[in-house]
Q: 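Before anything else, here's the structure in question.
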Protein chains: 2
Amino acid sequence: MLSFTEENYLKAIYKIYEKEKDVASTNAIAERMSTTAASVTDMMKKLAAKNLVIYEKYKGTRLSPTGHQIATTLIRKHRLWETFLVEKLDFSWEEVHIIAEQLEHIDSDKLIERLDDYLDRPKYDPHGDPIPNAEGKYTLREQIALNQLYKGDKGVLIGVKNHDDQFLSYLNDLKIGLGTKLEIIDKVMYDKSIKVKIDDQGPVLLTEKVSRNLFLKKTNQN
Amino acid sequence: MLSFTEENYLKAIYKIYEKEKDVASTNAIAERMSTTAASVTDMMKKLAAKNLVIYEKYKGTRLSPTGHQIATTLIRKHRLWETFLVEKLDFSWEEVHIIAEQLEHIDSDKLIERLDDYLDRPKYDPHGDPIPNAEGKYTLREQIALNQLYKGDKGVLIGVKNHDDQFLSYLNDLKIGLGTKLEIIDKVMYDKSIKVKIDDQGPVLLTEKVSRNLFLKKTNQN
DNA sequence: AAATGAATTTTGATTAGCCTAAAAATTCTC
DNA sequence: GAGAATTTTTAGGCTAATCAAAATTCATTT
């Protein structure tokens with residue numbers, strides 16, 4: 001049985017690996033866990049002794065197959081719970097992360113599978129992130145960030161890169177959510193801001209910082 | 001913020017108090033928590049320092065108003081989650097306790113209230129136990145143990161005293177659950193066993209050990 | 001009121017997770 | 001490739017929660 005803390009370390013390593021596609025450095029793990037490098041070194045030794053990670057002094061840490069399995073299960077649980085909170089309990093997408101951080105540690109295989117069934121085996125969570133299946137596999141969709149599109153392009157929002165409270169609330173204010181149709185009216189070269197039409201509403205100006213964090217499925221050809 | 005462990009201590013004290021209507025002795029708490037009296041003494045000092053319990057050396061421990069509030073909230077959460085697991089995820093009543101022991105520690109007021117709404121504000125959990133409301137109040141029903149009834153009496157099962165896996169599974173086998181109609185066909189004075197008709201099925205013999213643990217609402221007068 | 005036995009507390013240790021400060025290894029820079 | 005800067009590890013210590021064993025207090029009996 002793993003502790004809450006050990007599980008969180010494995011998840012942190014997984015997340016770093018997802019981005020870097022390389023070993024997770026001690027400092028990177030420390031930053032993600034809001035702790036010190038010294039604590040990370042201690043924990044890596046412990047997890048290595050349990051064969052959950054492959055740790056090489058001064059080189060960094062990778063997940064072992066077992067560690068990887070545990071990490072993807074945590075992601076699966078997290079995203080299923082987020083889906084439950086939004087779909088069934090009517091939470092909004094910026095509220096669910098904190099609660100799911102707790103729920104993901106509930107230990108019951110049967111519970112996860114029943115929850116998955118109850119939600120009709122969803123493939124994506126309320127932020128558009130893929131939900132791994134029981135084997136840890138998930139399917140990525142073809143998606144492109146809004147700032148990569150051109151004037152005249154149209155698309156539907158299928159995911160967000162940033163899961164920040166503030167960012168998501170800002171999108172709520174703009175009435176932008178998953179499934180929202182967006183069309184690029186104009187791009188301002190000077191500051192890379194983009195004027196978009198939102199679900200047939202009047203046009204709105206989005207800064208590059210925002211448009212970079214919106215993933216669309218293109219609905220026009222070219 | 002309380003730890004998982006501190007919360008469990010408060011719940012243990014509450015449960016002892018529910019039964020004994022008196023102070024909870026150090027040994028009684030130790031037994032419920034499967035720990036030693038020494039550990040309990042340490043913890044009582046800590047909880048007393050936080051004003052969650054009233055602890056008097058060598059005398060025993062009672063809950064403070066704050067401690068009582070926390071304990072009933074835990075019971076509330078536990079019973080709501082059990083209800084969720086049975087009603088929505090189709091678990092059976094003997095499986096839910098272990099999982100709810102974990103879920104009850106999830107910290108989010110909004111989550112509890114949303115869950116309560118989602119379940120249509122149930123008053124009783126899958127074992128027939130009352131669910132405290134947000135203020136910690138609950139309503140007891142008029143109920144009587146099956147072994148207190150007489151030949152010819154009829155009733156509906158509205159609760160069970162024992163929550164043991166084995167006991168509940170045995171009831172499942174007999175097709176006895178909450179809402180099941182029972183009628184006393186005969187009482188054997190010698191061993192206090194009772195012959196009952198179950199929901200219009202053929203009669204079955206129940207030992208006193210079983211009948212003592214079944215709470216009914218009487219449906220005949222006399 | 002002393003003695004006995006049970007209940008409870010104190011004492012001294014252990015483990016997990018974390019920290020700071022110092023030392024060591026690695027990487028960068030010129 | 002030597003020295004500087006950065007990263008990582010080691011060393012030593014702290015706190016929370018636990019335990020076994022010893023000491024204390026309480027309750028009861030004689």
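Here is how names work: the chains are called A, B, and so on, in the same order as the sequence lines, proteins then strands, and each is numbered from 1.
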Q: Who pairs with R62(B) by side chain to side chain contact (heavy atoms under 4.5 Å, CB included), at least two apart in sequence or on another chain?
A: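 R62(B) satisfies side chain to side chain contact (heavy atoms under 4.5 Å, CB included) with V23(B), I54(B), E56(B) only.
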Q: Got a sec, which pairs hit salt bridge (charged side-chain N to carboxylate O under 4.0 Å, His left out) with one end in residues 2-18 of chain A, sequence neighbours left out?
A: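 Every pair satisfying salt bridge (charged side-chain N to carboxylate O under 4.0 Å, His left out) with a residue in residues 2-18 of chain A: E6(A)-K46(A), E6(A)-K50(A), K11(A)-E101(A), K11(A)-E104(A).
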Q: Between K187(B) and L149(B) (side chain of the first, backbone of the second, donor and acceptor by atom type, cut-off under 3.5 Å), is there such a pair?
A: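 Checked: pair present.
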Q: Taking the side chain of A38(A) as heavy atoms from C-beta outward, which of dT18(D), dT10(C), dA11(D) is closest to it?
A: dA11(D)
Q: Can you sort out which residues in residues 27-36 of chain A have a heavy atom within less than 4.0 Å of DNA chain C? Ascending by number, please.
A: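 Hits under 4.0 Å, by residue number: T35(A), T36(A).
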Q: Check whether any side-chain N or O of K45(A) sits under 4.0 Å from OP1 or OP2 of dT10(D), and answer yes or no.
A: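 Indeed, a polar side-chain atom of K45(A) lies that close.
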Q: Using the salt bridge (charged side-chain N to carboxylate O under 4.0 Å, His left out) rule, collect all pairs that involve residues 126-145 of chain B, keeping only residues at least two apart or in two chains.
A: none
Q: Between D42(A) and T26(B), just flag the one whose closest nucleotide in DNA chain C comes earlier from the 5' side.
A: T26(B)
Q: Could you work out, with ring-ring contact (aromatic ring centres under 6.0 Å, His included) as the rule, every residue matching Y17(B), not counting sequence neighbours?
A: none
Q: I'd like to know if the side chain of H105(B) pairs up with that of N8(B) as donor and acceptor (distance under 3.5 Å, no hydrogens or angles considered).
A: yes
Q: Going by atom type alone, with no hydrogens or angles, which donor-acceptor pairs under 3.5 Å involve a side-chain atom of residues 27-38 of chain B and a protein atom two or more places apart or on another chain?
A:
unit_1 : atom_1 : unit_2 : atom_2 : d
T35(B) : OG1    : S39(B) : OG     : 3.4
T36(B) : OG1    : S39(B) : N      : 3.3
T36(B) : OG1    : S39(B) : OG     : 3.0

Q: In residues 1-13 of chain B, which residues come under 4.0 Å of DNA chain D by heavy atom?
A: S3(B), T5(B), Y9(B)
Q: Only counting residues at least two apart or in another chain, list the ones meeting side chain to side chain contact (heavy atoms under 4.5 Å, CB included) with E208(A).
A: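 Once residues adjacent in sequence are excluded, the partners of E208(A) under the side chain to side chain contact (heavy atoms under 4.5 Å, CB included) criterion are N147(A), K192(A), S211(A), R212(A).
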Q: I'd like to check the salt bridge (charged side-chain N to carboxylate O under 4.0 Å, His left out) partners of K45(B); sequence neighbours left out, ordered by chain and number.
A: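 For K45(B), no residue satisfies salt bridge (charged side-chain N to carboxylate O under 4.0 Å, His left out) once neighbours in sequence are set aside.
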Q: Rounded to whole angstrom units, what separation is found between the CE atom of M44(A) and the P atom of dT7(D)?
A: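 Rounding to the nearest Å, CE of M44(A) and P of dT7(D) are 18 Å apart.
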Q: Roughly how many Å is it from CE in M43(A) to C1' in dA16(C), rounded to a whole number?
A: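 Answer to the nearest Å: 8 Å.
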Q: The criterion is side chain to side chain contact (heavy atoms under 4.5 Å, CB included); which residues satisfy it with D117(A), sequence neighbours excluded?
A: R121(A)
Q: dA7(C) phosphate, OP1 or OP2: any side-chain N/O from S25(B) under 4.0 angstrom?
A: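 Answer is no, no contact under 4.0 Å.
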Q: Quick one: list whatever passes side chain to side chain contact (heavy atoms under 4.5 Å, CB included) with D164(A), sequence neighbours left out.
A: N162(A), Q166(A), F167(A)
Q: Under 4.0 Å between a side-chain N/O of S39(B) and OP1 or OP2 of dC19(D), yes or no?
A: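 So the side-chain polar atoms of S39(B) do come within 4.0 Å of the phosphate oxygens OP1 or OP2 of dC19(D), strictly under.
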Q: Taking only the side-chain heavy atoms of T41(A) (C-beta and beyond), determine which of dC19(C), dC19(D), dT9(D) contains the nearest atom.
A: dT9(D)
Q: Could you identify which residues of residues 48-57 of chain A place a heavy atom less than 4.0 Å from some atom of DNA chain D, listed by residue number, or say none?
A: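 Within residues 48-57 of chain A, the residues near DNA chain D are Y55(A), K57(A).
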Q: Taking for each residue the nucleotide of DNA chain C with the nearest heavy atom, is it K59(A) or G60(B) whose nucleotide lies nearer the 5' end?
A: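 So the residue in question is G60(B).
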